[in-house]
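All ligand and atom numbering here is 1-based and tracks the order in the structure.
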Amino acid sequence: VEASIPEPLREAWRKHSATEFTSKDEFERDFVRHIETTLARSLYNCDELAAYSGTALAFRDRLIIEWNRTQQRQTFTDQKRVYYLSLEFLMGRALDNAMLNVGMKDVARDGLADLGFRIEDAITQEHDAALGNGGLGRLAACFLDSMATLNYPAWGYGLRYRYGIFKQEIVNGYQMEVPDYWLDNNPWEFPRHDITVDIQFYGHVTKYQDENGKVCHSWESGETVQAVAYDVPIPGYRTKTTNNLRLWSSKASSGEFDFQKFNAGDYESAVADQQTAETISAVLYPNDNLERGKELRLKQQYFWCAASLYDIVRRFKKTNRAWSEFPDQVAIQLNDTHPTLAIVELQRILIDVEGLEWDEAWRIVIGTFGYTNHTVLPEALEKWSVPLMQNLLPRHLQIIYDINLFFLQSVEKRFPNDRDMLSRVSIIEESHPKMVRMAHIAIIGSHKVNGVAELHSDLIKTTIFKDFVQIYGPDRFTNVTNGITPRRWLHQANPALSALIAEKLGGYEFLTDLTLLDKLETFVDDKNFRREWSDIKAKNKLRLARLIKDLTGYSVNPNSLFDVQVKRIHEYKRQQLNIFGVIHRYLSIKAMTPEQRKKVVPRVSIFGGKAAPGYWMAKSIIYLINSVAAVVNKDDDIGDLLKVIFIEDYNVSKAEIICPASDISEHISTAGTEASGTSNMKFVLNGGLIIGTCDGANIEITREIGEQNIFLFGNLAEDVEDLRHRHFYGGFQLDPQLKRVFETIKAGTFGDPSSFNSLISSIEEHGDYYLVSDDFNSYIATHEMVDKEFQNQEEWLAKSITSVARMGFFSMDRVTNEYADSIWNVEPLDIAD
Ligand code: 6GP
């Protein structure tokens, strides 16, 4: 309030208040001013990177003006807000998205042309903001886009990693990791050096009695690290709402301690302390669907949760409401269990700092939180060792024990004498060392728990969280099937297709109501429309072929069938099944007569994705793909009939080129392992067909688009357990075609076979956990159907168009509205002109 300018002095402010550029001329003015003043350059010294920066800064001005207004509006209306807590935000590039969302891309294109630049060259200078691993991080980014587009008062909270996901280089076929320093030339963040929070670690807890004799706890001593806020504006599509993504960066607290050391000449130790503090937000852990229990990771989690909660509570307290109203003003969504400590931290603030009684505080906590689960893989379920937690967060561990005590007491009342049940649902696993099960805290401390596709949500209710359904009843558990933002994944990635659809539907309304796509079905038989549709796919394939040439040196024939699998490399996602299938194809072609070869549909098998640096098996898969590529692509006997490509450093901006260019893409996880998948939606929305297992969102995609428009294969989730069991106790029969593939590898066709030993033995000898052999036959047969159907291009086009027309359900806007209705109880802000 003190910082606010008194009314009599506001005239000058109003007169000079910043305004957005609205014309080409004004854009050029802002661009040149930024080049000359912000960047201290000139027309004699303006390369493409500077042109990018100038454009980005001009657009940033626009965003920040709307950002300011949005924040004022949201504060003024003072309604319930959503806070999306995610350790990952896989944003990709921001400039193109900002231009399209504010509707000024054409203005910028013309302006840049006047100034001597091609807009594409400026756009591609931008470094991806890659603060995430894969699906979970990209989902968070799609959430931000939809929440802003739909005018929800919503904030994202995350960490400002100095290094995002590593850059992948392929050297002699192997993955190498290179640090991704992405912060140079990043115009999109606003450091808020005045918004800081001191975060405490270690120390001990003392008990005392207050003046009324109540027993209280105080968490003392220990170390503090400072959290500094960095704000990133998130523009909605064609709306005034520009929301905030707040990322916390760690810094040494400027306590006297450091200065004493410094003054005493102990510079090194003073600097070392500072570096230790900065380490907290230094790097994103590069694991997808895997947790490894490292202390620094727990520090990251607490640092970010505590800073975010402090911020949220501070904002709430400004409204002078009673604490009981907290859940009416605040909804916090936990993106997986990574932010679970926020539950414990809010309880701590309410009882230790604000003096509420336990039960009242706990009611508030439950009313506030929702938890989204993204995986059933046991290796991804977070557990922290009790001694580690005791040391780092002593007060939180006490609170966790109390939460557990009260919870177990209530369970015991309802299920007397069921010791097994108690030990299964306890927050504490009685192992050595004891472990804290984060998912249990997340379930007990939230009013809603959701999975991300129907099958997945059913699975969590019948397997990993079964007991909790017994305890709480089915109402605490729900499903919200994932979606994607059509702004980035159709309009931005595939402008030609977006324009064609707009022409047919009479405008771009489908970008904010994706169900309108259904009108496309009336054009399925329109010959001209089909031609235009297939021309666009052809051009997108050409664009990808150019990228492939640039990255790998290989020329691929754009008339081939482009078969794509791009996603994190993981055994459960089964890139090994794909590459074994490619080897099978190679062997089949080799065995053909020239006559037979004439009938072969030329194919390019395209792979992309990163392996976690410590994931040996995933790295072997990458090496096998590259080794097969090296042989097949140089085999003159094969020519264009088969090419194998590994695209290095797969990321969001490459996905924007790859997704519009597939004929077929692969979503072939072992049934029951892929919670949802979201790239399946991106490919179909861009007119590609998919081959997939009955897993995750593939099932709902099938339901929406019709089973004649998708290539499904493989065993069902309900049979997986049985099959695994049989591998051990019924004798293991390797599929004969897969056997032939293994023999070829073992014969050294693709180089030293010892490199692939573990890959093969995991299937042949160690139980084939992911059922590669069980599904191989049906996989190969289904690919033969793909070939056959691809030859009937007219039918193929009809399938492609029909599928796109039926994809409306998978809009992130539908997802966001479902969370708002069924979990957050939040309304969009009414924005009148
Ligand atoms: C992923 C799931 O693997 C993927 O199926 C889903 O589409 C995505 O989340 C978004 O819901 N999970 C993760 O990336 C992960 O690390 C802990 O889960």
Problem set entry | Member of Lys383, Lys434, Arg424 meeting the salt bridge (Lys or Arg N to Asp or Glu O under 4.0 Å) criterion with Glu429 | Lys383
Exercise. How far apart are the closest heavy atoms of Asn494 and Asn686, and which atoms are they?
Worked result: ND2-OD1, 2.9 Å
For this session: Assess the side chains of Glu656 and Gln492: does a donor N or O sit below 3.5 Å from an acceptor N or O?
Result: yes
Exercise. Going by distance alone, is a donor N or O of one side chain under 3.5 Å from an acceptor N or O of the other, for Asn404 and Ser426?
Worked result: yes
Exercise. Does Asp145 come within less than 4.0 Å of Arg487, counting only side-chain N to carboxylate O?
Worked result: yes
Seminar exercise, completed: Per side chain to side chain donor-acceptor pair (under 3.5 Å), Lys610 is matched among Asn651, Asn133, Asp649, Asp288 by Asp649
Which N or O atoms of ligand 1 sit under 3.5 Å from a protein N or O, and how far apart is each pair?
unit_1	atom_1	unit_2	atom_2	d
ligand 1	3 (O)	Asn289	ND2	3.1
ligand 1	3 (O)	Tyr572	OH	3.1
ligand 1	3 (O)	Glu674	OE1	3.0
ligand 1	5 (O)	Glu674	OE1	2.6
ligand 1	5 (O)	Ala675	N	3.3
ligand 1	5 (O)	Ser676	N	3.0
ligand 1	5 (O)	Gly677	N	3.0
ligand 1	7 (O)	Gly677	N	2.8
ligand 1	11 (O)	His374	ND1	2.7
ligand 1	11 (O)	Asn482	OD1	2.8
ligand 1	12 (N)	His374	O	3.4
ligand 1	14 (O)	Leu136	N	3.4
ligand 1	14 (O)	Asp288	OD1	3.3
ligand 1	16 (O)	Asn289	N	3.1

